[in-house]
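Treat the numbers as computed from the prediction; the structure is a model and nothing was measured.
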Amino acid sequence: MNPLRRFYRRSHRLRRFVRRRKDALTYHAVRVALWLPRQVSLATALRLADRVGDIIYAVDRKTRERSLAHLDVAYGDALSRDEKERIARAALRNAARCFVEVTHMEDLKRRFDDGYVTVDGWEHVRAVLEAGKGAIVVTGHIGNWEILAAYFAGRGIPIAGIAKQMNDPRLNRLLVDFRARNGVRAIIRESPSSGREILQVLRQRGVLALLIDQDIQAPSVSVPFFGRPARTPAAAAALAVRRDLPIVPAFARRRPDGGHQLTVLPPLHPPRSGDRRADVVTLTHRCGEIIEAQVRENPTEWVWWHKRWRRRPVPRLDLDAEFHYQNTVLS
């Protein structure tokens, strides 16, 4: 090993210094990136976003190769190499477009009722909330999930989303403030008060929104995703099972003529087998099937560069030991 690398790995103080500098650079880079698209119209910014996506695809070999490798896992020989490349490139364009739309969200919200957003299945939201217990909305990193959340909030529904704590507290504040301006409460997953905050939302007959299509450092179960076991966060199903809450799958998708189509599917109700862990696995499996179906329908808007199958399957789920908010939310 290179002596400098060895010294770096052994020096906790040096690693902390470098990490802080990287976090500070990231924060300032994000601030600039959020400012730039606001200097032009949304239409112009979206066109530029497509070019940015193309550039990332061309120059970022790691992201490109990882996306194509995951498309190989998902589709095998069912798609040609050219088609997989088209999907991978379009997915990066979508990510850049989502970022641009975040910077123009104040303008977009004023257009929600003018046809920029159309919705199928809103009656499912009304039905579950009329029951008076709140609900869990599950979605994935597909389409623009921030527009999905902002639309719920714009309809007067108390809504909160779970977010991962970032290294730099200033980045946390950017996320929390952005969602607050859109009427969405951001609950930091690592916060000791996260359980109480979740309960507050549910007691207001609101919804808790969870993205469960990524392998993250959270209690998970392994369920099939494109035919291969993938670690999937279990919080949505665990909350639903322990508190008898419906799960409402909801997704956003771009319309070819501009704007977004939101789709709300019929609610999933917790099974009652008598085996709580089995019920959590069953419900998580069903959520995974629904998300996979959405990705299959709309593969150009999913995050193919995420390491979805990076870790070994989870052999079991110990709910009582692993959920840090068990005494407030799950009991």
(message) For Val241 versus Pro270, what's the shortest heavy-atom pair and its separation?
(response) CA-CB, 4.0 Å

(message) Holding to salt bridge (charged side-chain N to carboxylate O under 4.0 Å, His left out), I want the full list of residues that pass it with Arg81, two or more places apart in sequence or in another chain.
(response) Glu85

(request) Can you see which heavy atom on Leu210 is nearest to which on Ala235, and at what distance? (result) CD1-C, 4.3 Å

(message) Within this structure, what is the CD-CZ distance for the pair Glu83 and Arg86, rounded to the nearest 0.5 Å?
(response) 4.0 Å

(request) Could you list the residues that satisfy ring pair (Phe, Tyr, Trp, His ring centres under 6.0 Å) with His124, not counting sequence neighbours? (result) none

(message) What I want to find out is whether Arg308 reaches Asp213 closely enough, with some N-O distance under 4.0 Å, to be called a salt bridge.
(response) no

(request) For Arg97, enumerate each residue passing the side-chain contact (heavy atoms from CB on, under 4.5 Å) test, keeping only those at least two apart in sequence or located in another chain. (result) Leu46, Ala49, Asp50, Arg254

(request) Report the residues that fulfil side-chain contact (heavy atoms from CB on, under 4.5 Å) with Pro169, sequence neighbours left out, ordered by chain and then residue number. (result) none

(request) Examine distances only and state if a side-chain atom of Trp305 and a backbone atom of Leu92 form a donor-acceptor pair shorter than 3.5 Å. (result) no

(message) Checking Arg179 now: which residues fulfil salt bridge (charged side-chain N to carboxylate O under 4.0 Å, His left out) with it, not counting sequence neighbours?
(response) Glu146

(message) So, using salt bridge (charged side-chain N to carboxylate O under 4.0 Å, His left out) as the criterion, who are the partners of Arg51 when residues are at least two apart?
(response) Asp54

(message) Would you compute the distance between atom CD1 of Ile198 and atom CG of Leu239 and round it to the nearest 0.5 angstrom?
(response) 6.0 Å

(request) Hey, could you give me the CD/OG1 distance between Gln39 and Thr103, rounded to the nearest 0.5 Å? (result) 9.5 Å

(request) Please go through Val32's hydrophobic cluster and name the other residues, only I, L, V, M, F, W, Y counting, with side-chain heavy atoms under 4.5 Å joining them. (result) Trp35, Leu36

(message) Return the CD1 to CZ distance between Ile87 and Arg89, rounded to the nearest 0.5 Å.
(response) 11.5 Å

(request) Report the hydrophobic cluster partners of Trp145, with the cluster defined as I, L, V, M, F, W, Y residues connected by side-chain heavy atoms closer than 4.5 angstrom, directly or transitively. (result) Leu211

(request) For Asp215, check salt bridge (charged side-chain N to carboxylate O under 4.0 Å, His left out) against everything at least two apart and list the hits. (result) Arg310, Arg311

(request) Check Ala250 against Val137 and note the closest heavy-atom contact, atom names and distance. (result) CB-CG1, 3.9 Å

(request) Verify, without hydrogens or angle tests, whether Arg64 (side chain) and Tyr57 (backbone) share a donor-acceptor contact under 3.5 angstrom. (result) yes

(request) Indicate the atoms forming the closest heavy-atom contact of Pro229 with Pro313, along with that distance. (result) CB-CG, 3.9 Å

(message) Is there a continuous path of hydrophobic side-chain contacts, each under 4.5 Å between heavy atoms, that joins Ile291 to Val73?
(response) yes

(message) Using 0.5 Å steps for rounding, measure from the CG atom of Asp72 to the CD atom of Glu65.
(response) 11.5 Å

(request) Identify the two heavy atoms, one from Leu129 and one from Gly134, that lie closest to each other, and give their separation to 0.1 Å. (result) CD2-CA, 4.2 Å

(message) Taking side-chain contact (heavy atoms from CB on, under 4.5 Å) as the definition, give me every residue that meets it alongside Gln261, ordered by chain and number, with sequence neighbours left out.
(response) Thr118, Asp120, Arg255, Thr263

(request) Indicate the ring-plane relationship of Tyr75 and Trp304, choosing parallel, tilted or perpendicular according to the 30° and 60° boundaries. (result) tilted

(request) Check side-chain contact (heavy atoms from CB on, under 4.5 Å) between Glu197 and all other residues, then give those that pass, not counting sequence neighbours. (result) Arg185, Ile187, Ser191, Ser193

(request) Output every pair passing ring-ring contact (aromatic ring centres under 6.0 Å, His included) with a member in residues 231-269, not counting sequence neighbours, ordered by first then second residue. (result) Tyr116-His260

(request) For the residue pair His70 and Trp309, categorise the inter-ring angle as parallel (less than 30°), tilted (30 to 60°) or perpendicular (more than 60°). (result) perpendicular

(message) Using only atom types and a distance under 3.5 Å, with no angle test, would you say the side chain of Asp168 pairs donor to acceptor with the backbone of Arg170?
(response) yes

